[in-house]
Amino acid sequence: MDDLIRVGDEVRAALADGQAVVALETTLVAHGFPAPHGVEVGLASEAAVRAAGAVPATIGVLDGRLVVGLGAEELERFTPEARKLGPRDLAPCVAQGAVGATTVGGTLIAAAAVGIRFMGTGGLGGVHRGFPTPPDVSADLAACARVTAVVASSGVKSLLDVPATAELLETLGIPVLGYRVDTLPLFYAADGGPPVSARVDDPAEAARVAAAHWALGGATLLVGRAPDESLDVTDLIEEIVAEADAAGIVGQAVTPYVLATLHERSGGETRRVNRDLIVANAGLAAEIAVAHAAL
Ligand code: PSU
Ligand code: MN
């Protein structure tokens, strides 16, 4: 395993000690924000995890190994040239020695390999609008169905078909917990999403639900936290998704294209809200991890 995975010293010690550890992804560092903002978001997320009393484990592929617990200088290597790694992409990237940024799905697989059960992100991937043309469903969902974890996010990215994604989450048996809300947050916007499957009002309650879900053989639970500042960019999203479609942008390139264009056309507003919600979700994941460690 050591040939394949490098676990940072601090993360290794925390895991051995039963301390709370939170996995963080690198796709948003490399592809979710224009440089140098991605690295700033990554570091701020790590700081939020620490502030809540947990150890951050930022994950990505470097120099032929999956790294769990990237250093600050190493984060700088996650530029737009990095591969975007879903679960299917991890092994080729490791074996070929490329730099690879893990998505939620890729991060969950790596986290599970070393025993980390908590992660924070911005918005989960899901069913793309217009399904089945193209038949694009994020590999995040399949990974959630497979891996034992809690993912704190601001729901599902609203550039997707959110109601269809909520249906698929139900099909896969993934609890969608609203953190102090009754509807699933819509990424940049707090309100207007489908109802959650259960509401929780504090981190300890989320931790108890997770423990029960896992004891019953369940895999991932999604915890939806509303962004503190809500932004309505519905029309802008529709316009940009249609443009991406017309330009023939498909597959893994869609999400980064839409996010980047949104950041540009909203005059940086979506970037700011996206950044703040990612950092807050990292903190929430840490609070739940700390509560779980204390159960
Ligand atoms: N949340 C954000 N920005 C992002 C992502 C999440 O605020 O860029 C990334 C995550 O890595 C997620 C990915 O797994 O978008 C989804 O990509 P796709 O739709 O191609 O599966
Ligand atoms: Mn996709």
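Quick note: numbers below take in every heavy atom, side chains included, and nothing from hydrogens, waters or symmetry partners. Quantities reported herein were computed from a predicted structural model and do not represent experimental measurements. Ligands are counted one by one from 1 in listed order, and the atoms in each one are counted from 1 as well.
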Exercise. If you count the atoms of ligand 1 from 1 in the order shown, which ones are under 4.0 Å from a heavy atom of G32?
Worked result: 8 (O)
Exercise. Does even one non-hydrogen atom of E25 get within less than 4.0 Å of ligand 1?
Worked result: yes
Exercise. Do D191 and T183 have side-chain atoms, one donor and one acceptor, less than 3.5 Å apart?
Worked result: no
Problem set entry | Presence of salt bridge, E287 and R225, under 4.0 angstrom | no
Problem set entry | Protein heavy-atom partner closest to atom 7 (O) of ligand 1 - residue, atom, separation in Å | N274 ND2, 2.8 Å
For this session: Give a yes or no on this: more than 12 heavy atoms of other residues, nucleotides or ligands lie within 6.0 Å of atom CG of D17.
Result: yes
Problem set entry | Presence of salt bridge, D63 and R65, under 4.0 angstrom | no
Seminar exercise, completed: In ligand 1, the atoms that come under 4.0 Å of a heavy atom of H128 are 19 (O)
Problem set entry | Location of contacts on L160 toward ligand 1, heavy atoms closer than 4.0 Å | neither
For this session: Considering heavy atoms of the protein only, find what lies nearest to atom 12 (C) of ligand 1 and give residue, atom and distance to 0.1 Å.
Result: D140 OD2, 3.4 Å
Problem set entry | Heavy-atom nearest neighbour in the protein, as seen from atom 21 (O) of ligand 1, with distance rounded to 0.1 Å | S138 OG, 2.7 Å
Exercise. For ligand 1, which atoms have a heavy atom of G122 less than 4.0 angstrom away?
Worked result: 1 (N), 2 (C), 7 (O)
Seminar exercise, completed: Report for the Mn ion (ligand 2), protein N, O or S closer than 2.8 Å, by chain and number, lists D136 OD1
Seminar exercise, completed: atom 19 (O) of ligand 1 has as its nearest protein heavy atom T255 OG1, 2.9 Å
For this session: Specify the closest pair of heavy atoms between A207 and I288, including all atoms of both residues, with the distance to one decimal.
Result: CB-O, 3.9 Å
Exercise. Would F33 count as a contact of ligand 1 if the rule is a heavy atom under 4.0 Å away?
Worked result: no
For this session: Decide if atom CZ of R129 counts as having more than 12 heavy atoms of other residues, nucleotides or ligands within a radius under 6.0 Å.
Result: yes
Exercise. Taking only residues two or more places apart in sequence or in another chain, which ones pass ring pair (Phe, Tyr, Trp, His ring centres under 6.0 Å) with Y179?
Worked result: none
Exercise. Can you find a heavy atom in the side chain of T255 that is under 4.5 Å from one in the side chain of K84?
Worked result: yes
Seminar exercise, completed: heavy-atom search around atom 16 (C) of ligand 1 in the protein gives K157 NZ, 3.6 Å
For this session: List the steps and the verdict of side chain to side chain contact (heavy atoms under 4.5 Å, CB included) for R272 and L231.
Result: CA-CA 10 Å; R272 186 169 43 77; L231 205 60; 5.6 Å; no
Problem set entry | Which of the ligand 1 atoms, numbered from 1, are nearer than 4.0 Å to a heavy atom of T103 | 11 (O), 14 (O)
Exercise. Which atoms form the tightest heavy-atom contact between P227 and L277, and what is the distance?
Worked result: CB-CD2, 4.0 Å
For this session: Enumerate the atoms of ligand 1 whose separation from the nearest heavy atom of T121 is less than 4.0 angstrom.
Result: 1 (N), 6 (C)
For this session: Determine the minimum heavy-atom distance between C93 and V61, stating which atoms define it.
Result: SG-CG1, 3.7 Å
Exercise. So, is I278 polar-close to ligand 1, with some N/O to N/O distance under 3.5 Å?
Worked result: no
Seminar exercise, completed: Taking every heavy atom of G120 against every heavy atom of V22, the minimum-distance pair comes out as N-CG1, 4.1 Å
Exercise. Which is it for L277 and ligand 1 at heavy atoms under 4.0 Å: side chain, backbone, both or neither?
Worked result: neither
Problem set entry | Option set T26, T27, L259, criterion heavy-atom distance to atom 4 (C) of ligand 1, minimum | L259
Exercise. Based purely on interatomic distance, does K84 place a nitrogen or oxygen under 3.5 Å from a nitrogen or oxygen of ligand 1?
Worked result: yes
Exercise. Do L222 and L169 come close enough that some side-chain heavy atom pair is under 4.5 Å?
Worked result: yes
Exercise. Would you say ligand 1 has an N or O under 3.5 Å from any N or O of L28?
Worked result: no
Exercise. Among E40, E269, E229, which one satisfies salt bridge (Lys or Arg N to Asp or Glu O under 4.0 Å) with R275?
Worked result: E40
Exercise. Given G123, G38, G120, A260, which has its nearest heavy atom closest to atom 1 (N) of ligand 1?
Worked result: G123
Problem set entry | Mutual orientation of the aromatic rings belonging to F33 and H263 [parallel < 30°, tilted 30-60°, perpendicular > 60°] | parallel
